[in-house]
Amino acid sequence: MADIVILGAGLGGLPMAFEAREQMRKTDTITVISDSATFHFTPSNPWVAVGWRDAEQIKIELAPLLKKRGIGFIHSAASKVHPDRNEVALSNGESVRYDYLIIATGPKLDFDAIEGLGPHGGHTQSVCHVNHAETAHEDWQRLLADPGPVIVGAVQGASCFGPAYEHVFTLETDLRRKKIRDQVPMTFVTSEPYIGHLGLDGVGDTKGLLEHELRQRSIKFITSARITRVEAGLMHVEEVGRKGEVVETHALPFKHSMVLPAFKGVDAVFGVEGLVNEKGFVLVDRHQQNPNWPNIFSVGVCVAIPPIASYPVPVGVPKTGFMIESMVRAAAQNIRALIDGRPMKHESTWNAVCIADFGDGGVAFVAMPQIPPRNVNWALEGRWVHMAKAAFEGYFMGKMRRGVSEPFYERMMLDMLGITKVRDSKS
């Protein structure tokens, strides 16, 4: 019997639990540790922030769901991972032993890196967590009652740009529907070297598609932007040139602002030698295995991936939903191989299939693999994308409620399209 512990129950952790239950032996125990009692569908947070979704619509209670699938659940924050003891210390004073550990915590949001950033004592909103999205919605309601400038974007070092684009376009759509768009100047501020970079050097023509969308909607934008501090109603931004020089400074007024922060590793793993890098992200190979602690694996946003290039303003690499599912599949199959005494042979492909909703349209792209150079590289836009994201939300929530990582028909469809989650290490 093997004791398998999964740290985290988000977009990586919950599918990991279901995949592990499917892949492992009946005698193997699987336990999920999470500081949240609920799973929530993070991609819908921009809809919560604008009031198009209620937070409860995108939440699932974890305890009864996991119990139904024969998976243990501990509702507690982890205080520290101790690889040398094969233990996870919990904030409630207890500890959990493991034979195999999968770290799927997601990131810590580094609001403290910039003065005045964030919803906790700062002056900007966030859509990184459903609770933040609810707070952003309250702030949005105040903006609608008293219209004024809006700023949306992502800070230096950020690695998740898609939600910022979704949020600014969704807000713009909501303003037009309420007939007050003309009263709200909008600015998009991003650390990306160009619009549509996305931390990936673009996918297909995301540069042209997203820049066109911003211009079409009269949204001003600043790229290679470094936010230096935020005051109540005023954001200070440096626009940086190719050689790192400050080419222009901006003092931008706002009545509502949502800015995505940079990420770092959570406290439970931060500083654990051999497990994480200097920012606290978990070190893994293509098997999702830590090179120094072979019984520790990791999936999701907490995984360390180096930037694809060096820029004057730092830009990280996103971990998209399908890419995370790829990590989950590889990790589960490789752990089962180790349990059986077989060599690991499954690598995550890190392919990306993304849907970015703009409220009344959107952009979808496929990048295989996500990080260039690629075998497949295209992006399309249209009104159908908005409907596709709504359909995917319902589909994903449905399979989580059923306790299934990937139904057979989903696997068949992806195979037909040539979009795979894992590949043989020999290939």
Side-chain angles (χ1 to χ4, degrees), residues 42 45-46 48-50 105-143 148-168 170-171 185-193 197-199 219-240 246 248-267 270 278-281 301-302 307 311-319:
T42 306
N45 285 349
V48 173
V50 79
T105 59
K108 182 175 182 178
L109 308 176
D110 197 9
F111 293 117
D112 293 339
I114 298 173
E115 180 185 348
L117 190 72
H120 305 297
H123 308 289
T124 63
Q125 305 301 319
S126 163
V127 292
C128 295
H129 191 280
V130 68
N131 294 345
H132 295 164
E134 289 186 292
T135 302
H137 176 57
E138 295 171 3
D139 196 63
W140 183 240
Q141 292 300 108
R142 290 189 286 270
L143 182 282
V150 166
I151 300 174
V152 175
V155 307
Q156 54 271 27
S159 58
C160 187
F161 299 94
Y165 284 103
E166 286 192 297
H167 191 64
V168 73
T170 300
L171 295 186
M186 302 184 76
T187 305
F188 190 74
V189 176
T190 179
S191 55
E192 300 163 274
H197 181 281
L198 302 172
I219 301 172
K220 296 180 180 179
F221 55 87
I222 303 172
T223 56
S224 294
R226 183 165 56 216
I227 299 174
T228 56
R229 73 181 191 279
V230 184
E231 303 172 22
L234 191 67
M235 182 178 295
H236 297 271
V237 179
E238 294 178 340
E239 192 172 348
V240 179
V246 176
E248 191 172 354
T249 59
H250 305 267
L252 305 174
F254 66 87
K255 283 193 173 180
H256 174 82
S257 178
M258 195 295 294
V259 179
L260 300 176
F263 296 160
K264 62 181 181 180
V266 300
D267 294 342
F270 201 94
E278 69 281 358
K279 292 185 177 180
F281 292 111
V301 181
C302 58
Y311 301 103
V313 180
V315 174
V317 175
K319 292 92 172 182

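Being a predicted model, the structure only gives us computed values, none of them experimental.
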**Student:** With heavy-atom distances below 4.5 Å as the criterion, would you say the side chains of Gln125 and His256 are in contact?
**Tutor:** yes

**Student:** Between Phe161 and His197, is the ring centre distance below 6.0 Å?
**Tutor:** no

**Student:** Less than 4.5 Å apart, side chain to side chain, heavy atoms only: is that true for Val237 and Thr249?
**Tutor:** no

**Student:** Could you check Glu115 against Arg229 for salt bridge (Lys or Arg N to Asp or Glu O under 4.0 Å), going step by step and ending with a plain yes or no?
**Tutor:** CA-CA 5 Å; Glu115 180 185 348; Arg229 73 181 191 279; 5.3 Å; no

**Student:** In the structure I gave you, are the side-chain heavy atoms of Glu192 and Thr223 within less than 4.5 Å of one another anywhere?
**Tutor:** no

**Student:** May I ask you to check whether Tyr165 and Phe188 place their ring centres under 6.0 Å from each other?
**Tutor:** yes

**Student:** Do Lys319 and Phe281 form a cation-pi contact, if we require the NZ or CZ to be under 6.0 Å from the six-membered ring centre and within 45 degrees of the ring's axis?
**Tutor:** yes

**Student:** Only counting residues at least two apart or in another chain, list the ones meeting salt bridge (Lys or Arg N to Asp or Glu O under 4.0 Å) with Asp112.
**Tutor:** none

**Student:** Are any of the side-chain heavy atoms of Val189 and Phe221 separated by less than 4.5 Å?
**Tutor:** no

**Student:** Using side-chain heavy atoms (C-beta onward) and a distance below 4.5 Å, is Phe263 in contact with Cys160?
**Tutor:** yes

**Student:** Pairing donors with acceptors under 3.5 angstrom, does anything connect the side chains of His236 and Glu231?
**Tutor:** yes

**Student:** Do His167 and Leu260 have side chains that approach each other closer than 4.5 Å (heavy atoms only, starting at C-beta)?
**Tutor:** no

**Student:** Report the residue from Ile114, Asp139, Val230 that forms a side-chain contact (heavy atoms from CB on, under 4.5 Å) with Thr124.
**Tutor:** Val230

**Student:** Report yes if the side chains of Val259 and Ile227 come closer than 4.5 Å at any heavy-atom pair, otherwise no.
**Tutor:** yes

